Amino acid sequence: MRDNDRVTSATRQPQPPAAAARPRLIATDLDGTLLRDDKSVSPRTVAALAAAEAAGIEVFFVTGRPARWMDVVSDHVHGHGLAICGNGAAVVDLHGGSGAHRFVMVRELARANALDTVRLLREAAPGTVYAVEQTYGFNQEPDYPKLHTEVPDVLLPAEVLLGPDGPLPDEPVLKILAYHPDIDPDAFLTLARLAVGDRANVTRSSPSALLEISGPGVSKASTLALCCAERGISHEEVVAFGDMPNDVEMLTWAGRSYAMGNAHPDVIAAASGRTVANNDDGVAVVIERLLAQRP
């Protein structure tokens, strides 16, 4: 998430166009968007989410987080219990609580594609180090820095982690994480997309040079579209919120979308509207307004 002083925070929402479809689903990112910087969900936001569900509007959390990091919002998934995790790599039923989630859909990164990506990015950006996120495992290279709160299961080169003799050869790979200690984050993203091509989908959500790499065509937007199609919901009936480049496709796809006041410039360009920053409950501000406008 970018510091608030990198963009101009909005003080009020643009009014939606008169012909805007009645919202049936709210899709919101978590970190830097729904969550405050201390990773809490404010009472105002909790009330707004509950009011939306009571009004018949489904709320989907759509995040880069793995399923095991969803405890922060598991009490707010309401009836359906579903969340889209790993930037679209998985749809998870959170009803079971911590450690008991169920994968409803998995869109894995093929190991051949992952190995090609590791090789190409090592060549394009020497010094890149990797971690591997699987459905129930997290492993990393020895030189990968401590960027996460958990201790990895195994420390091995990425080529071994992704190979047939790796620690979890039969478990799907959801995404690989690529970190570089020196390159500008946006420059690293551009370089990686050029190097990897259509072998994988490359994005980022961290303020550091940390890339998140998923299967070809796997994104928050494409998995959200699948979930909406199952429910007979069109993209015009979706309202989406986000703050970082991994939200861009989702914000472009949704009928109405809002960049947070603390959003990355690419997100501001992609969204159809602006709201205030995450620490000012920007998602709740919009939900309250949408509900007030309903007949």
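Residue numbers start at 1 and run along the sequence shown. Because the structure is predicted, anything quoted here is derived from the model rather than measured.
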Is there a donor-acceptor pair closer than 3.5 Å between any side-chain N or O of [X] and the backbone N or O of [Y]?
X	Y	value
Thr33	Leu30	no
Ser205	Met244	no
Ser257	Ser272	yes
His180	Ala209	no
Arg256	Ala21	yes
Glu53	Ala50	no

*asked:* Assess whether a salt bridge exists between Glu288 and Arg44, defined as any Lys/Arg side-chain N lying under 4.0 Å from an Asp/Glu carboxylate O.
replied: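 Salt bridge present between Glu288 and Arg44.
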*Under a 4.0 Å N-O cut-off, is there an ion pair linking Glu249 with Lys220?*
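Lys220 and Glu249: not salt-bridged.
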*Show your working on salt bridge (Lys or Arg N to Asp or Glu O under 4.0 Å) between Glu58 and Arg231 and close with a plain yes or no.*
CA-CA 10 Å; Glu58 287 197 70; Arg231 290 158 173 76; 3.3 Å; yes
From [atom1] ([X]) to [atom2] ([Y]), nearest 0.5 Å:
X	Y	atom1	atom2	answer
Leu35	Asp29	CG	CG	8.0 Å
Asp281	Thr275	CG	OG1	9.5 Å
Leu161	Asn139	CG	CG	5.5 Å
Arg119	Thr117	CZ	OG1	9.0 Å
Asn113	Arg111	CG	CZ	12.0 Å
Ser208	Ile183	OG	CD1	12.5 Å

Do [X] and [Y] come within less than 4.5 Å of each other through their side chains, counting heavy atoms only?
X	Y	result
Val118	Glu159	yes
Cys85	Pro66	no
Arg193	Leu189	yes
Asp31	Arg65	yes
Leu224	Ile84	yes
Gln140	Leu155	yes
Val160	Asp165	no
Phe60	Thr28	no

*State which residue, out of Val276, Val267, Asp243, fulfils the side-chain contact (heavy atoms from CB on, under 4.5 Å) condition with Asn262.*
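Going through Val276, Val267, Asp243 one by one, the side-chain contact (heavy atoms from CB on, under 4.5 Å) with Asn262 is satisfied by Asp243 alone.
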_Consider side-chain contact (heavy atoms from CB on, under 4.5 Å). Of Ile213, Thr203, Asn87, Leu109, which one does Lys175 pass it with?_
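The side-chain contact (heavy atoms from CB on, under 4.5 Å) with Lys175 is passed solely by Asn87 among Ile213, Thr203, Asn87, Leu109.
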Flag yes if [X] and [Y] sit in one hydrophobic cluster, no otherwise; membership is Ile, Leu, Val, Met, Phe, Trp, Tyr, and two members link when side-chain heavy atoms are under 4.5 Å apart.
X	Y	value
Leu211	Phe138	no
Val129	Val202	no
Val154	Tyr130	yes
Val62	Val248	no
Leu82	Trp69	no

_I'd like to know whether Leu34 forms a side-chain contact (heavy atoms from CB on, under 4.5 Å) with Phe61, so could you lay out the CA-CA distance, the side-chain angles of the two residues, the decisive distance to 0.1 Å, and finally the verdict._
CA-CA 9 Å; Leu34 188 81; Phe61 301 129; 3.4 Å; yes
Closest non-hydrogen atom pair between [X] and [Y], with its separation:
X	Y	answer
Ile268	Ala259	CA-CB, 3.9 Å
Asn278	Gly32	CB-O, 3.4 Å
Ala200	Ser214	CB-O, 3.1 Å
Thr252	Ala270	OG1-CB, 3.7 Å
Leu251	Gly242	CD2-N, 3.8 Å
Val283	Met260	N-CE, 3.9 Å

*Side chains of Thr45 and Arg36, donor plus acceptor under 3.5 Å*: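 No, no side-chain donor-acceptor pair sits under 3.5 Å.
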*Side chains of His264 and Asp186: do they bring a donor and an acceptor to under 3.5 Å?*
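Their side chains do contain a donor-acceptor pair, which is all the 3.5 Å distance test asks for.
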*Tyr136 and Phe103: aromatic ring centres closer than 6.0 Å?*
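Centroid separation for Tyr136 and Phe103: below 6.0 Å.
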*Report the C-alpha distance between Leu174 and Gln134 in whole Å, list the side-chain angles of each, state the deciding distance to 0.1 Å, and finish with yes or no for side-chain contact (heavy atoms from CB on, under 4.5 Å).*
CA-CA 5 Å; Leu174 298 185; Gln134 295 177 257; 5.8 Å; no
*Tyr144 vs Tyr179 aromatic rings, parallel, tilted or perpendicular, using cut-offs 30° and 60°?*
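Rings of Tyr144 and Tyr179: perpendicular, as their planes differ by over 60°.
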*With sequence neighbours left out, what residues match Glu141 under side-chain hydrogen bond (donor to acceptor under 3.5 Å, both in side chains)?*
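Glu141 satisfies side-chain hydrogen bond (donor to acceptor under 3.5 Å, both in side chains) with Arg122 only.
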*Worked verdict on Arg204 versus Asn246 for side-chain contact (heavy atoms from CB on, under 4.5 Å)*: CA-CA 6 Å; Arg204 76 178 191 87; Asn246 64 331; over 6 Å; no
*Step-by-step side-chain contact (heavy atoms from CB on, under 4.5 Å) determination, Glu212 to Ile176*: CA-CA 6 Å; Glu212 301 165 58; Ile176 54 177; over 6 Å; no
